[in-house]
Amino acid sequence: MQECLIRDFPDFIGKEVTIKGWVSNRRSSGRVSFLVFRDGSGICQVIAERDTLGEIYAEIKKIPIESSAIVHGTVVEESRAPGGFEVQASGIEIVQKSEEFPIGKKEHGPDFLLSNRHLWLRSQRQTTIMRVRDALVRHVRNYFYENGFTLIDTPIFTTTCGEDTSNLFSVEYFDLGKTYLSQTGQLYLEAAISGLGKVYCLGPTFRAERSKTRRHLTEFWMVEAEVAFNDHKKNLELQEDFVSYIVQNTLAEKEAELLSLERDLEPLKKVVPPFHRISYDEALDILRKQGSDIQWGADLGADDETVITQLFDKPVFIENYPKQTKAFYMKQVPDKPEYVYCADLLAPEGYGEIIGGSQREDNLDVLLKSIRDNNLEPERYGWYLDLRKYGSVPHAGFGLGIERTLSWICGLKHVRETIPFPRMIYRAYP
RNA sequence: UCCUCGGUAGCUCAAUCGGCAGAGCGGGUGGCUGUUAACCACUAGGUUGGGGGUUCAAGUCCCUCCCGGGGAGCCA
């Protein structure tokens, strides 16, 4: 009798095996019980018969859902069974008889599920999403590996910040006073390009925004890339190549999982270069023709983005925003200094912004002025300003939100299901 | 921070004009040899989020606080 995984059942048809896992569901009849059994690799059906199992059958017949058990039996192909296979049990050992499991067979509300996230994470839908997440992150890393990037892990505790201080979580740091949880690794990546040329980071990012929407978490994972000598145009080309790669590879690897999430795959198949590009000014024209009274200089709102994404069937870049709406480090367009070389990438089907990127200001004096104009303290940016003193070069980069991208790929309504333990404004438990 | 919706059994929800607080799932007991959110019978289970008020009478109306969902702003 050989221990094996449910995933490998095709190689064990007709053989005696041992599987270890949990009872996802149970249906009992008089002398036969059907257990839906999960072992972390897949699901199958276990047939437990009174005449075969003897004394323990009385307990198996009433075994609570989510009890853990070790099952010995013969693997049989069975189209009616969940997973396509069943195990005719010759013996079952109960590892632990579960207490009444809070999450039942009926639907539950978000409050209850989020409070029980540690248990919800076992459900088939949630494990499916986690498997797609695993694939997505792996393809992200593969892309950068295959394209000559070096991974640079940027710090979580920081004293310099990329945007403005209002969105930072602060932490007491020994005798040094306040440090902040990182809201971007970009500034550190900019330091790394001078030694490594093409770099990326992938890690948690923290934003103390009091946002309560399906697109926001206070702790999320972001992948950021930075490339020396890339200008704005090359930056966009890199982004569309990257996004197409991760979408197509994840789709190819996890097609069955996405279908089980009831994702329509056709829109994803269209995600190939080139993506649409429109300028901020063109976006304003489009919005005004639709009746908006948006003024030049205002950032695009969520409704505005929705209007624009509905015009396109694949991701769309909105580039060259007014300088006043964007972060201090973005490079001004030489002959139009009121604009900066930047772009947001909006995902289709109403998913909205998944990337923010820009060419960075590489001139020391211009950058210093921009820091002052944004009411930031130049003293805090000493090391960052150094980068413009010692062999400064044109460079550009971007950051992509893993959860927003995964939410789009899976076709989910909310990013909270895309991360194992979501952190939101009113939730830091479990 | 603002707007909006909600809080009734362990869970999901119902309760008409203010008039006996209910169902399904889950739990318990029993039945059933192929189930598919299995099914059938019986059964237990309630400070209707907290506090205050109006009323003969409040889950329902009013005030207030707490908790959560969705959205705005901001962002990935």
Side-chain angles (χ1 to χ4, degrees), chain A residues 24-36 43 45-52 57 61-62 64-66 76 78-84 86 88 98-116 119-120 123-124 162-164 166-168 183-186 202-224 239 243 298-306 325-327 344-347 351-357 398-408 413-416 418-419 424-427:
Chain A
S24 290
N25 197 7
R26 186 205 73 228
R27 291 177 283 273
S28 304
S29 189
R31 290 182 197 169
V32 61
S33 291
F34 303 87
L35 309 181
V36 177
I43 60 163
Q45 176 164 273
V46 171
I47 307 300
E49 288 179 294
R50 185 171 69 187
D51 297 344
T52 314
Y57 181 75
K61 185 184 172 184
K62 296 196 295 185
I65 285 171
E66 287 304 320
V76 177
E78 171 54 70
S79 60
R80 289 173 294 179
E86 54 184 36
Q88 301 277 356
S98 177
E99 293 184 21
E100 185 186 330
F101 197 64
I103 298 176
K105 299 176 188 177
K106 280 206 148 188
E107 286 179 18
H108 298 278
D111 183 31
F112 178 79
L113 289 171
L114 289 167
S115 296
N116 289 282
L119 304 177
W120 185 25
S123 72
Q124 199 165 2
E163 315 287 332
D164 69 292
S166 61
N167 291 339
L168 295 169
Q183 61 176 186
T184 172
Q186 176 202 320
L202 172 56
T205 300
F206 305 89
R207 301 275 168 91
E209 296 159 356
R210 301 182 78 82
S211 303
K212 286 175 50 175
T213 83
R214 67 184 61 191
R215 301 184 309 281
H216 286 87
L217 298 166
T218 56
E219 177 183 316
F220 64 97
W221 284 63
M222 183 158 68
V223 56
E224 295 173 271
Q239 291 172 45
V243 170
D299 209 345
L300 301 183
D303 291 343
D304 301 326
E305 290 186 356
T306 303
T325 65
K326 290 293 179 180
D344 289 343
L345 181 64
L346 308 183
Y351 281 89
E353 186 173 353
I354 55 171
I355 284 184
F398 65 91
L400 172 136
I402 294 292
E403 288 77 16
R404 285 187 180 177
T405 303
L406 183 58
S407 180
W408 165 47
K413 291 198 175 95
H414 201 299
V415 292
R416 66 186 163 211
T418 63
I419 188 165
M424 296 177 288
I425 177 168
Y426 294 126
R427 274 184 200 281

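- One cannot find a donor-acceptor pair under 3.5 Å joining the base of B:C11 and the side-chain atoms of A:His108.
- Across B:G6 and B:U47, the matching P atoms stand 24 Å from one another, rounded to whole Å.
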Between protein and nucleic acid, restricted to nucleotides 66-70 of chain B and to nitrogen or oxygen atoms under 3.5 Å apart, what atom pairs and distances do you find?
from, atom 1, to, atom 2, distance (Å)
B:G68, OP1, A:Tyr426, O, 3.1
B:G68, O3', A:Arg427, NH2, 3.4
B:G69, OP1, A:Arg427, NE, 3.3
B:G69, O3', A:Arg416, NH1, 3.3
B:G70, OP1, A:His414, NE2, 2.9
B:G70, OP1, A:Arg416, NH1, 2.5
B:G70, OP1, A:Arg416, NH2, 3.4
B:G70, O3', A:Arg214, NH2, 3.3
B:G70, O6, A:Lys212, NZ, 3.3

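- The residue A:Ala81 sits apart from the nucleic acid: no heavy atom pair falls under 4.0 Å.
- Residue A:Lys61 has its side chain nearest to B:C32 when only B:A76, B:C74, B:C32 are considered.
- Between A:Glu86 and A:Leu35, every side-chain heavy-atom pair lies at or beyond the 4.5 Å cut-off.
- Checking side-chain atoms of A:Thr213 against main-chain N and O of A:Arg215 turns up a donor-acceptor pair under 3.5 Å.
- Between A:Gly109 and A:Pro82, the residue whose closest nucleotide on RNA chain B is further toward the 5' end is A:Gly109.
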Tabulate atom names and distances for all N/O pairs under 3.5 angstrom spanning the protein and nucleotides 24-30 of chain B.
from, atom 1, to, atom 2, distance (Å)
B:G24, O2', A:Lys106, NZ, 3.0
B:G26, OP1, A:Lys105, NZ, 3.3
B:G26, O2', A:Glu100, OE2, 3.1

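- With A:Tyr57 contributing its side chain and A:Thr52 its backbone, the two residues share no donor-acceptor pair below 3.5 Å.
- Using a 4.0 Å heavy-atom criterion, one finds that A:Glu224 contacts no nucleic acid atom at all.
- Here the side chains of A:Arg404 and A:Val415 are in contact, with some heavy-atom distance below 4.5 Å.
- Here, B:A41 and B:G24 have their P atoms 9 Å apart, quoted to the whole Å.
- Among the atoms of the strands shown, only primed sugar atoms or phosphate atoms (P, OP1, OP2) are found under 4.0 Å from some heavy atom of A:Gly301.
- Protein atom CD of A:Glu209 is 13 Å distant from nucleotide atom C1' of B:A72, rounded to whole Å.
- Between A:Val243 and A:Ile355 there is a side-chain heavy-atom pair separated by less than 4.5 Å.
- As judged by a 4.0 angstrom heavy-atom cut-off over every strand, A:Phe112 is placed among residues touching the sugar-phosphate backbone only.
- Between B:U35, B:G73, B:C32, one nucleotide has an atom nearer to the side chain of A:Ser211 than all others, and that is B:G73.
- Side-chain atoms of A:Ser28 and A:Arg26 form a donor-acceptor pair, as typed in the model, at a separation below 3.5 Å.
- At a threshold of 4.0 angstrom between heavy atoms, the contacts of A:Glu99 with the nucleic acid are absent.
- Both A:Lys413 and A:Ile354 lie near RNA chain B, and the one whose nearest nucleotide falls closer to the 5' end is A:Lys413.
- If you take atom C1' in B:U16 and the same atom in B:A21, they sit 15 Å apart, rounded to whole Å.
- Atom CZ of A:Arg210 is separated from atom P of B:C3 by 15 Å (rounded to the nearest Å).
- The distance between atom CZ of A:Arg215 and atom C1' of B:A72, rounded to the nearest whole Å, is 9 Å.
- For the pair A:Leu300 CG and B:A72 C1', the computed distance is 15 Å after rounding to whole Å.
- Comparing B:C65 with B:G28, their C1' atoms are spaced 39 Å from each other, to the whole Å.
- Using a 3.5 Å distance cut-off with no hydrogens or angles, the side chains of A:Glu224 and A:Thr184 do pair a donor with an acceptor.
- Here A:Thr405 lies out of heavy-atom contact (under 4.0 Å) with every strand.
- Side-chain atoms of A:Pro110 and A:Arg416, non-hydrogen and from C-beta on, do get closer than 4.5 Å to each other.
- Rounded to a whole angstrom, the distance from the P atom of B:U4 to that of B:C63 is 14 Å.
- Using C1' as the reference atom, B:C20 and B:A57 are 12 Å apart when rounded to the nearest Å.
- The shortest distance between the side-chain N/O atoms of A:Arg31 and the OP1/OP2 oxygens of B:U35 is not below 4.0 Å.
- Here the side chain of A:Arg404 is nearest to one of B:A72, B:U33, B:C75, namely B:C75.
- Looking at heavy-atom distances under 4.0 Å, A:Gln45 makes contact with a base.
- With a glycosidic angle no more than 90° from 0, B:C17 adopts the syn conformation.
- The OG1 atom of A:Thr306 sits 12.0 Å away from the OH atom of A:Tyr351 when rounded to the nearest 0.5 Å.
- Atom CG in A:Asp303 sits roughly 18 Å away from atom P in B:C3 (whole-Å rounding).
- Across all strands, A:Asp344 comes closer than 4.0 Å to no nucleic acid atom at all (heavy-atom distances).
- Across the P atoms, B:U1 and B:U60 are found 28 Å apart, a figure rounded to whole Å.
- A:Glu403 contributes a side-chain N or O that, together with a main-chain N or O of A:Trp221, makes up a donor-acceptor pair within less than 3.5 Å.
- Between the CZ atom of A:Arg207 and the C1' atom of B:A76 there is a distance of 6 Å, given to the nearest Å.
- Considering only heavy atoms from C-beta on, A:Arg427 comes within 4.5 Å of A:Asp111 through its side chain.
- Nucleic acid contact class of A:Ile402 (heavy atoms, under 4.0 Å, all strands): none.
- Counting heavy atoms from C-beta on, the side chains of A:Asn167 and A:Gln183 come closer than 4.5 Å.
- With a 4.5 Å cut-off on side-chain heavy atoms, A:Phe206 and A:Thr218 do not count as touching.
- Distance noted for atom C1' between B:A14 and B:A9: 13 Å (whole Å).
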In dot-bracket, 5' to 3', how would RNA chain B read with Watson-Crick or G-U wobble pairs under 3.5 Å, [ ] for crossing ones and | for pairs to another strand?
-> (((((((..((((.....[..)))).(((((.......))))).....(((((..]....))))))))))))....
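- Between A:Thr405 and A:Leu400, some side-chain heavy-atom pair lies under the 4.5 Å cut-off.
- The A:Glu353 side chain lies nearest to B:C75 when the options are B:U33, B:C75, B:A72.
- Between the side chain of A:Glu209 and the backbone N or O of A:Ser211, no donor-acceptor pair lies under 3.5 Å.
- We find that the ring of A:Phe34 and the base of B:G34 do not stack by the test of centres under 5.5 angstrom and planes tilted less than 30°.
- Separating the CZ atom of A:Arg50 from the P atom of B:G34 is a distance of 13 Å, rounded to the nearest angstrom.
- Atom CG of A:Leu113 and atom P of B:C13 are 10 Å apart (whole Å).
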